[in-house]
Structures are given as C-alpha cells and as structure tokens.
Visitor: 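Sharing a structure, written as structure tokens. Questions coming.
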2 protein chains.
Amino acid sequence: MPASDVVEQPEQPWSRRRLRSTNERLLLDRLRALGAASRAQLARETGLSKPTVSSALASLAAAGLVHEVGTQAPERGRTAVLYAPDPAAGYALGVDIGRGWLRVAVVDLDGTVVARADIRNRARASAALTDLVVSTARQVIANSGVDPARVVHGVVGTPGVYDEKQRRVRYAMHLPGWGRAGLVDGMRTELGVPLEVHNDANLAALGEYTYGVGAGSRLFAYILIGTGLGMGVVSEGRLFTGARGLAGEIGFLPWHGRQKQERLEDAVSGVAVVESAREFGMRGQLTAKAVFDAARQGHPGAVRAVELEGERIAHTVAAAAAVLDPDLVVLGGGVGHSVDLLLRPVRERLRALTPLRPRIAPSRLGEDAVLLGAVATALDTARDLVFERRTAGT
Amino acid sequence: MPASDVVEQPEQPWSRRRLRSTNERLLLDRLRALGAASRAQLARETGLSKPTVSSALASLAAAGLVHEVGTQAPERGRTAVLYAPDPAAGYALGVDIGRGWLRVAVVDLDGTVVARADIRNRARASAALTDLVVSTARQVIANSGVDPARVVHGVVGTPGVYDEKQRRVRYAMHLPGWGRAGLVDGMRTELGVPLEVHNDANLAALGEYTYGVGAGSRLFAYILIGTGLGMGVVSEGRLFTGARGLAGEIGFLPWHGRQKQERLEDAVSGVAVVESAREFGMRGQLTAKAVFDAARQGHPGAVRAVELEGERIAHTVAAAAAVLDPDLVVLGGGVGHSVDLLLRPVRERLRALTPLRPRIAPSRLGEDAVLLGAVATALDTARDLVFERRTAGT
DNA sequence: GGCTCTAGTAAGGCTCCTTAACTTTATCCG
DNA sequence: CGGATAAAGTTAAGGAGCCTTACTAGAGCC
C-alpha cells in the first residue's frame, strides 16, 4: 500500500549504526506517546542509561526532531529540563475527495491542523477534478505558511480502490472519469508531494479510530452509509484491507430484495430511504435528510421508512459481526448522521438476528472522518520519513 | 492469546546484548527459511560481516540450536561447511479434541512429526476427556522417545473459544461439560507442558495455510462444515481472531430459513443435508456421507439436496467474501470432504450472487487440518522459547 | 607448481552502551 | 543560614560487539 515514492529501506543489517538509530526512535516514540519528559525520566522508563539518553536526545535535537519545552521541579532536587517532539519538524497532507465536497488539510507532526479548506466539488470530469485538488492543496499549503518542501507525505481518500499496478482507481462508481490511469501520478508530480490513495470508508474508519470513538478498540468497524455503502475495518490499530483492498465492500453482501438483482447497497444507501418513504405514502421532492426530518416530526410514512432502514442496517451489522467479531461498530456517512433515530431500531432488530451484539455508536467525527483518517495515515508515514531523513540534508 | 506460562520479555532496552541476540535470531530464521547454508553465504545474504556470522553461529551451535550438516563445494575454491537448525533443539505438542476423535502429535522444530496418535473420543464427561487427553499425550511423548522436558510448548484445538480470564472454554456446544473452568489448567499441570487453547476452525485454517493449499495467500479463509459451521481466517500469515476470539463464527450469519429462529449453522451443517434429502424423498437411516454417496450414484433426491447445500455454502462464501476479500476460500470438514460434488454448484451460485469471486478449493489436509494447525501454532511459540532459553541452563 | 577463487580466521579499531563517580541545583530542617 | 538529602544531568573509564583489513586454508585449473 505504500506509494511508490516511499522508499523501503533495503533491510539494513543490524550493525551498531542501527542500534543507535533504534534507540533514538524508541525515545522519540516514547515522547510522542506520553508527551514531554525529562532525560532522567526517559532513562527510567526505557531502561537506557542516562548518558545514552542524553546523547541520543542531543542528536535528535540537532536534527530538529525534539526540543526543550520547559522545566519541571521534582519534589526535591534539581529542576528537570523537559523535552518534547517538535511538531514543526514536518507536515502531512490529507485530502478527501467526495462526490459533493473536496476537503484538504495540512497538519503538523502532532496532528494539529494548521490549515484546511472545504470546497464544493462541482467538477464533472476527471481533469477538472485533479486540477481542483491540486490548486486547493497548493492554496491550503500556502495559507498554512509552511514551506512546501516540509510537507513530506500526503494521503488521498476517494471512493473505490486504488490499483497500484494499473495506477488507477477502480470501482469508483460515483465519480465520472475517475478510473483513468495516471491521474494520481499527475497530482503527485504537480504537487511535488508523495501521495498515497486509499478507500474512503477505510480512511473514515481509521480517522474515527484515531481521533473519534474508536480509540482503544481491538477490532473496530466503521460503516459508511450515504450515496453508497461501505465499511472500513481497523484491527489492532492497523487497517484491514483484505487480499486486494476490497475488504469491507459490504454493498455486495447477499441480500434478498424485491427485484432479483437488487444489491444490499441499493437497499441500505440514502436512495433506498427515499424509495421506501415514497412507498409508505410520502410525496414531493424527497431526500434522505428530508425523510429523517419528517420522521422526527412524527410523519407515519417517514417513521416506517426509518424503521425499515434500521432493520436493514441491523442485517448488515449482523453479517459483519459474525465474520469479524468487532467490539465496536460505528455508523457514519450521510445516513449515519441520523443515528439518533436509527440506533433503537438497529439494536432491536439485532437482538432478534444474532447473539453477537457489538457495541454500536454514532460517528463522532461526522463529515470529517475521511479527511482525518487521511491525515492520520499520512502522519504515520510522515513521521517515519522525517525520522529517516534526520541525518541527510536539512 | 499466549498462555500465562509464556513469559513476556519485559521490553529489554536496546543494549548491545540485544543487538547480539537479534543478529543470532536473524541468522537462525534465515537458516530455517532457506535451509542449510555456509557462513560466507549467510554473511552475503544478511549483510553481516563474515566474522560476526562466524561468532554468532558458534554461539548458536554451543546452545545446540544449529549444527554442521555437511559440506558443499563451490564452483571453485575451498569447500564450505554447511550449517542448519538442529530440529532436536526442542519439541512441540499438538492436540485436536474433536467430537469423534482425539488426535495428538509431537513434532520437532522442523515441524516433522515424530510421534502421533489418533484415538476415538468416547468420553462423555469432561473429567474423562481431560484424563484421556493427558494419558494420550504422555503416551505419544513416550513413544517419540523424546525427553518430556524438551517438549516446550503445546497447543490444543477444540470447538468453542477459550476465555483467558475465566479460564474456561466457551461456546463449545458439542462437548458435554467442556465449559467448566480450570480444565485446561488441570491438563497443563498434569502434563507439565505450557498449553494454549484455540478454536478448531481457526487452527484448521492455520494448518491449511502452513502445510496445505493456503500457502502464500494474503487473506485466506477456511470454512469448516461438519457437525457445526465455522470459519478460520489467516491474514498475512497471522490468525485473525477479532476482538474476543469470535471472528469467523459464521453460524450466526443472518439467514432467512423456514422457521423464524433457524440459524445458518443449522442450514449448512451436516444435519441440514440429511434433512433436505429426506424432504426430497430419501428414506432410511441417513447420514451426510450417505446422501453424498447417493448423489454420486445419481439418486435424484440426493442430487437436489447436494445442490441446495451448494447454494447455501455459496451464500456463506459470498458473505465472507464481501467482508474480508479473501483470495482463497477452502472448504473443509466432514461435508467439505465431498467437495467434488459441491464445487460446481457453489461456484455457479456464487456467480449469481456477487461479483467478488475468490478462488475456491478443497482442503488438502482433510481431517488433519486442526491437528497440523495446532502443531504449527505450537511450533511458533516453541521456536521462540527455545531461542530465549539458549543462554540459560542446558 | 603456480594461479585464482572461495571459505574462514585473526587482529585492530571504531561505535556506542554501561557503570560509577561527580557536579549542579533544588528542598528540607535544625 | 548552612548543612543534609535528593534528584538531574555530566564526565570518565571500561567493555561488548561489530566492521575492516589482512591473512591462512583448501580446492580446481592450466
């Protein structure tokens, strides 16, 4: 899954150099996980000796990866100098290419957003869309005031699956022309930032896991219900992608609909809510949001449509639960937004369907899940890159 | 899921000692993966220097982990001394507790079986069963001629899921009394071998992955169809267990059977084949095997029952495929045995159900899958243990 | 027998870690 | 206010382990 630009170290032998580097990495990770700490403290926690910690930290500081952030007086004794990772040592780029919106964010190594843009995606051709992505990203980087050269990695979220070999996005039904080969390569060279591409549901899962309600879950599933139906799975902190990156394509789950060829995706996504509302007697220009609003007002047809949607979501959750055994399932996406109405019917129906009942929760990040997932993924690589390059030129 | 006996190293700091140990491990793994090799060859492949390889290998040899296994003359130049891992440096125990059979095997570190027993499991109470397991294991170890102290680790496969906290097996429907707490601890102390317990379908998957048709698969699913219905998933060589070890409990997949409360397990397992055969007009004392045999003879009722079973398996495979995206699905277990008849209907039905069509293959290991999976899992830990202990007493 | 090529060993040096003692700086207490 | 105590951090000495270089050992070829 790494973009081609991400160089794989050719399996360095375990020489002394690597020992030093491993210890520096150990300290840096410790600082990132637990926040600022003094050298003596780090020595105690890592088991390294004080002199070693001092020298490694000095070398990290020289490379600009850590810096002093203050002091702390212990109960008695000399005041300690605290060190913390320097968030400005590098930056990462996150992009969410959705059907309706394009979102771009630049974050520092701490993960704090330093600049961001959300603009409507009105592009109706792939060329216009890549242009929009590139110009928006440039704009956001410029706004952040960050030297573009310090943006070391980027991750793009999009419907569909990126095929590394064919260098194109596949299965992106809802974006016209988006399957053409070389689009991503074009953006990469125009931006001058290494880019990785991932499925939007997968990234949303990772975003919700890193910044949202998924934190600490051992096996976490994020179900994205909107224009389409998708699922992202995070297993022990890592994205679960399957053999070809198609894991979580639950739109293809077996489903006995009215028509022979109906797919689960058509039965659960936003369109289906509108359809069933119409069958239950609602009239006029309907959207999924309108149906949910009407249900909140007590409109009987809308209520029944929501009930039905809840049952179908329960069916989906039950299937995922039987295969994956998640401890937490989060509902997100356009329809997932109306979780207040859906949660009860989903849970009730689930009780009838299966003894495996994972915790079900609404998304905390909402529309930002994909973008934040992209950012989190990019950060992972960016942190590695910045560390690897610490010895090379500035 | 490591048993409590398996001590976790308390996160050694990265001192030189660990460097040495890591290099020794690197060499040992290389030898295990590629077979015998000379020191010069190892130096070239690992990037370590010849002196380092020599000294590390000498230390491994002193610990009894590797030994000379012959010589090899290069095209020209001095003949090289070949080194290989010593398979007798330790042994592992595998146990498959099935409803019908109890299987036990002792293997050396190369994975070759040095002793084995397959005996009928007629125990109808948990105490009788643990006694049987312990006495059989003792017998097998005795037969192998191996010093019992050198059997460093064991893995037990059983239906259900082992709950580490409650120290008991849960969800083991088909073994009477098997859910009592402390049973495994009892066997462990009686045998004097650290024991881990895993779900049988999971182990079968790992067995088929390690020794069977699953080799090299990125995401591999093994569906066990017999008395019950289960699935094991191997993702990038590691068992995928879910949050609580219940991943692959596909007996709980949503299913619209005739009766309201029918579960997929009841619709797919061996009993279901008999049932539908009876509905299609077969008479007499039926077993799943008998139905399949009749279908091979062309009995129309049996043929239709098999066809139906194939469709239901396809439903199962389709659900698993949509969630996991496996590149290979293997059918195993009692019913899976008759894959010759099932493969065509499964594939045909799958074509109609979903565009995701993983490769489907019959099990190569058959009844041995669980045992071999247990053995493979135990070996993993045994190799670690033997390596860790190399510095301690003999 | 000499040449060449490969396997393996020996010696010396380098890097990096640890231990132990020491300095610095703070609080506590008489 | 000055000494005892304690913690942070530095300096110095020693050692473990790896690499490089240079060498020896053995095998085939001319």
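Within every chain, numbering begins at 1; the chains are lettered A, B, ... in the order of the sequence lines, protein sequences first and strands thereafter. Hydrogens, waters and symmetry mates are skipped; everything else that's a heavy atom, side chains included, is used.
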Visitor: I'd like to compare against my own output: the B/S/- annotation of nucleotides 19-30 of chain C with a strict under-4.0 Å heavy-atom distance to protein.
Guide: BB---BBBSS--

Visitor: So, the side chain of A/D368 versus the backbone of A/L372: is there a donor-acceptor pair under 3.5 Å, distance only?
Guide: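 Not at all, since once roles are kept as given, no pair shorter than 3.5 Å links the two residues.
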
Visitor: Which atoms form the tightest heavy-atom contact between B/A89 and B/L109, and what is the distance?
Guide: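 Nearest heavy atoms, B/A89 then B/L109: CB-CD1, 3.9 Å.
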
Visitor: Among residues 59-69 of chain A, which residues get a heavy atom nearer than 4.0 Å to DNA chain D?
Guide: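 By residue number: none to list.
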
Visitor: Measure across B/L93 and B/V106 and return the closest heavy-atom pair with its distance rounded to 0.1 Å.
Guide: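 Scanning both residues, the minimum pair turns out to be CD1-CG2, 3.8 Å.
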
Visitor: Among the nucleotides D/dC19, C/dT9, D/dG9, which one has an atom lying closest to any side-chain atom of B/S54?
Guide: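 When the side chain of B/S54 is considered, C/dT9 is the closest of D/dC19, C/dT9, D/dG9.
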
Visitor: With side-chain hydrogen bond (donor to acceptor under 3.5 Å, both in side chains) as the test, would you mind laying out the steps for B/E196 and B/T377 before giving the verdict?
Guide: CA-CA 9 Å; B/E196 257 175 281; B/T377 310; over 6 Å; no

Visitor: I need the minimum non-hydrogen distance between B/A56 and B/E24, along with the two atoms involved.
Guide: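 Answer, listing the atom of B/A56 first, then B/E24: CB-CG, 3.9 Å.
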
Visitor: Round to a whole Å and report the spacing from CG of A/L48 to P of D/dA8.
Guide: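 From A/L48 CG to D/dA8 P: 16 Å.
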
Visitor: Please determine whether a side-chain nitrogen or oxygen atom of B/R18 lies at a distance below 4.0 Å from atom OP1 or OP2 of D/dA16.
Guide: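 Result: no.
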
Visitor: Among C/dC17, C/dG8, D/dA8, which nucleotide sits nearest the side chain of A/R20?
Guide: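 Nearest listed nucleotide: C/dC17.
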
Visitor: Can you check the A/R39 CZ to D/dA7 P distance for me, whole Å?
Guide: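 After rounding, the gap between these two atoms is 18 Å.
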
Visitor: To check you understand the geometry: which heavy-atom pair defines the closest contact between B/V193 and B/G154, and what is its length?
Guide: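 In this case the closest contact between B/V193 and B/G154 is CG1-N, 3.7 Å.
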
Visitor: Taking all heavy atoms of A/Y211 and all of A/V375, pick out the closest pair and write down the distance.
Guide: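 Heavy-atom minimum between the residues: OH-CG1, 4.0 Å.
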
Visitor: Would you find a donor on one side and an acceptor on the other, under 3.5 Å apart, between the side chain of B/D147 and the backbone of B/A149?
Guide: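 Judged by distance alone, yes, a pair lies under 3.5 Å.
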
Visitor: Are OP1 or OP2 of D/dA8 and a side-chain N or O of A/R44 less than 4.0 angstrom apart?
Guide: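 It does, given that an N or O in the side chain of A/R44 lies less than 4.0 Å from OP1 or OP2 of D/dA8.
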
Visitor: Can you check the B/L57 CG to C/dA7 C1' distance for me, whole Å?
Guide: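 Computing the B/L57:CG to C/dA7:C1' distance gives 13 Å.
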
Visitor: Quick one: does B/R167's side chain have a donor or acceptor within less than 3.5 Å of a partner on B/V184's backbone?
Guide: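 No: the side chain of B/R167 does not pair with the backbone of B/V184.
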
Visitor: Looking at D/dC18, I'd like to know if its phosphate oxygens (OP1 or OP2) sit under 4.0 Å from a side-chain N or O belonging to B/N23.
Guide: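 For B/N23, the contact criterion (side-chain N or O under 4.0 Å from OP1 or OP2 of D/dC18) is met.
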
